[in-house]
Chemist: 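Quick one: structure below, then a few questions.
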Amino acid sequence: MATDDASFLKQVRAKYDAPCERNLEPFSCAVEFNWSRHFSESVRLGDEGTDAEIAEVIQPIRNRVTVTHQNAAVSAGMTEDEVKKLPHGGMAEDLLEHSVQYSLNNWLAASGTALLPPPDASVHVEASASGYKLSLKIQTFDVEMLFTHDLSLQSEGVKGSPSDSRETDFRPGPQGFILTSFRQGEDGDFRPGNRVVITYTYQNVGGFQLPEQVAINRESHHENWHYKLTDCSVQTAK
């Protein structure tokens, strides 16, 4: 291991797969989602539509998502007016679009080196029970990150404020660590039962590790979303 903090940070950043820092440009995928499965696992609010409306009108909609370096955008191939004319003002479609965008935007924010300090950051590193603790100041906040002995990020948050923390799980991939789980609290409450837990499995598309199956568990609302990304295409920078 490195003997100084700057070298340690450099070694940490080199451990992670960062496709957006290579030549990955926007990628696009079809979104496969099963409404029947969703309603079997989640509390049904009642404003998504009747069983017949979901089966006959909502389920056949073919959504695609485009992910840039900045965000994820879902399209049903319909105009805004056409979506609003769907049963219940398109509530079901809006909920699905929000879930896909929320989970992929979190993947963008937490995958690769985006969650890690920039290369020129002033950091302090010391040994911890699980591996290493990295400290740095971001604006007026004192931030702590905990890493395992193999430099996999376990958590990051504001020092002394458990509610302002996030937990992550990474596993080794062909180009470095890839994000498999992301957990954060709702409304400043990180206790079990009030977290949003997102898990990711991966597929190889054009040499890049991209999400394939994504699951979202909103514990406080007993709400689960499962979708799969298929028919993916990637663009690369020349």
Chemist: Check whether T201 reaches the backbone of Q213 with its side chain - one donor and one acceptor, N or O, closer than 3.5 Å.
Modeler: yes

Chemist: Looking at every non-hydrogen atom in both residues, tell me the closest pair between A114 and A109 and how far apart they are.
Modeler: CB-O, 3.5 Å

Chemist: If we ignore hydrogens and angles and just use 3.5 Å, is the side chain of Q59 paired with the main-chain N or O of F33 as donor and acceptor?
Modeler: yes

Chemist: Does the pair D51 and R44 meet the rule for a salt bridge (Lys or Arg N to Asp or Glu O under 4.0 Å), with working shown?
Modeler: CA-CA 11 Å; D51 287 344; R44 189 164 181 169; 2.6 Å; yes

Chemist: List the steps and the verdict of side-chain contact (heavy atoms from CB on, under 4.5 Å) for V196 and I216.
Modeler: CA-CA 7 Å; V196 176; I216 310 164; 4.1 Å; yes

Chemist: S42 versus H222: any side-chain heavy-atom pair under 4.5 Å?
Modeler: no

Chemist: Under 3.5 Å, is there a donor on one side chain and an acceptor on the other for S165 and E156?
Modeler: no

Chemist: With no hydrogens and no angle check, is any side-chain donor or acceptor of H69 less than 3.5 Å from a backbone partner on L108?
Modeler: no

Chemist: Using a distance-only test with no angle check, is there a side-chain donor-acceptor pair under 3.5 angstrom linking E41 and H226?
Modeler: yes

Chemist: So does D17 pair up with R171, basic N to acidic O under 4.0 Å?
Modeler: no

Chemist: Looking only at heavy atoms, what is the nearest atom pair of S135 and E144, with distance?
Modeler: OG-CG, 4.0 Å

Chemist: Is there a donor-acceptor pair under 3.5 Å between the side chain of R22 and the backbone N or O of F208?
Modeler: no

Chemist: Could you tell me whether a side-chain N or O of D142 sits under 3.5 Å from a main-chain N or O of K159, the two making a donor and an acceptor?
Modeler: no

Chemist: If you measure from CG on L151 to CZ on F177, what distance do you get to the nearest 0.5 Å?
Modeler: 6.5 Å

Chemist: Check this for me: K10, atom NZ, are more than 12 non-hydrogen atoms of other residues, nucleotides or ligands nearer than 6.0 Å?
Modeler: no

Chemist: The test is side-chain contact (heavy atoms from CB on, under 4.5 Å); show your working for M145 and S155 and say whether it passes.
Modeler: CA-CA 6 Å; M145 297 182 174; S155 66; over 6 Å; no

Chemist: Looking only at heavy atoms, which two atoms of V74 and Q101 are closest? And how far apart?
Modeler: N-OE1, 3.3 Å

Chemist: State, to 0.1 Å, how close A55 and P60 come at their nearest heavy-atom pair, and which atoms those are.
Modeler: O-CD, 3.6 Å

Chemist: Report yes if the side chains of L9 and P117 come closer than 4.5 Å at any heavy-atom pair, otherwise no.
Modeler: yes

Chemist: Please lay out, stage by stage, how W225 and L95 fare under the test side-chain contact (heavy atoms from CB on, under 4.5 Å).
Modeler: CA-CA 10 Å; W225 297 83; L95 290 171; 3.7 Å; yes

Chemist: When you compare the side chains of S103 and N106, does any donor N or O come within less than 3.5 Å of an acceptor on the partner?
Modeler: no

Chemist: Measuring from atom CG of L146 to atom CG of L134, what distance do you get when rounded to the nearest 0.5 angstrom?
Modeler: 9.5 Å

Chemist: Would you say V234 and L210 make side-chain contact, with heavy atoms under 4.5 Å?
Modeler: yes

Chemist: Heavy-atom distance under 4.5 Å between the side chains of L86 and I61, does that happen here?
Modeler: yes

Chemist: Please list all pairs meeting side-chain hydrogen bond (donor to acceptor under 3.5 Å, both in side chains) that have one or both residues in residues 84-98, counting only residues at least two apart or in different chains.
Modeler: N63-E93

Chemist: Going by side-chain hydrogen bond (donor to acceptor under 3.5 Å, both in side chains), name the pairs with one or both residues in residues 174-186, residues two or more places apart or in two chains.
Modeler: Y102-Q184, E167-R183, D169-R183, S181-R183, E186-R218, E186-S220

Chemist: Same cluster or not: are V197 and L179 linked, directly or through other Ile, Leu, Val, Met, Phe, Trp or Tyr residues, by side-chain heavy atoms under 4.5 angstrom apart?
Modeler: no

Chemist: Could you state whether V43 and I54 fall into the same hydrophobic cluster, counting links through intermediate Ile, Leu, Val, Met, Phe, Trp or Tyr residues with side-chain heavy atoms under 4.5 angstrom apart?
Modeler: no

Chemist: A side-chain contact here means heavy atoms from C-beta on lying under 4.5 Å apart; do T236 and E25 qualify?
Modeler: no

Chemist: Measure the spacing between CG of D4 and OG of S7 and express it to the nearest 0.5 Å.
Modeler: 3.5 Å

Chemist: Give, for atom CG of N224 and atom CG of N217, the distance between the pair rounded to the nearest 0.5 Å.
Modeler: 4.5 Å

Chemist: Looking only at non-hydrogen atoms, find the nearest pair between A72 and V65 and report the distance.
Modeler: CB-CG2, 4.1 Å

Chemist: Looking at SG of C29 and CD of E212, how far apart are the two atoms once the value is rounded to the nearest 0.5 Å?
Modeler: 9.5 Å

Chemist: Where does the angle between the aromatic ring planes of W107 and F27 fall among parallel (under 30°), tilted (30 to 60°) and perpendicular (over 60°)?
Modeler: perpendicular

Chemist: Quick one: does V83's side chain get under 4.5 Å of D81's, heavy atoms only?
Modeler: no

Chemist: Do Q209 and P174 touch side chain to side chain, with heavy atoms closer than 4.5 Å?
Modeler: yes

Chemist: E126: what forms a side chain to side chain contact (heavy atoms under 4.5 Å, CB included) with it, not counting sequence neighbours?
Modeler: H124, K133

Chemist: Please check if the side chain of D5 supplies one atom and the backbone of V125 the other of a donor-acceptor pair under 3.5 Å.
Modeler: yes

Chemist: Quick check: are there more than 12 heavy atoms from other residues, nucleotides or ligands sitting under 6.0 Å from CZ of F39?
Modeler: yes

Chemist: Using 30° and 60° as the class boundaries, would you call the ring planes of H38 and W35 parallel, tilted or perpendicular?
Modeler: perpendicular

Chemist: State whether D231 and R64 are salt-bridged, where the test is any N-O pair (Lys NZ or Arg NE/NH1/NH2 against Asp/Glu carboxylate O) under 4.0 Å.
Modeler: yes

Chemist: Determine yes or no for a side-chain-to-main-chain donor-acceptor pair under 3.5 angstrom, with S128 supplying the side chain and G131 the backbone.
Modeler: yes

Chemist: Are the side chain of T168 and the backbone of L153 linked by a donor-acceptor contact shorter than 3.5 Å?
Modeler: yes

Chemist: When the aromatic ring centroids of Y200 and F182 are compared, is their separation below 6.0 Å?
Modeler: no

Chemist: Check whether any side-chain heavy atom of I58 sits under 4.5 Å from a side-chain heavy atom of E53, and report yes or no.
Modeler: no

Chemist: Find the distance between CZ (R195) and CZ (R166) and round it off to the nearest 0.5 Å.
Modeler: 15.5 Å

Chemist: Might you point out which heavy atoms bring S130 and H149 nearest each other, and give the distance in Å?
Modeler: O-CD2, 3.3 Å

Chemist: Before giving the answer on side-chain contact (heavy atoms from CB on, under 4.5 Å), spell out for R13 and E21 the whole-Å C-alpha distance, their side-chain angles and the decisive distance to 0.1 Å.
Modeler: CA-CA 11 Å; R13 291 178 59 86; E21 294 182 15; 3.8 Å; yes

Chemist: Hey, is the main chain of T148 close enough, under 3.5 Å, to the side chain of S152 for a donor-acceptor pair?
Modeler: no

Chemist: Can any side-chain N or O of E219 pair as donor or acceptor with the backbone N or O of G193 at less than 3.5 Å?
Modeler: yes

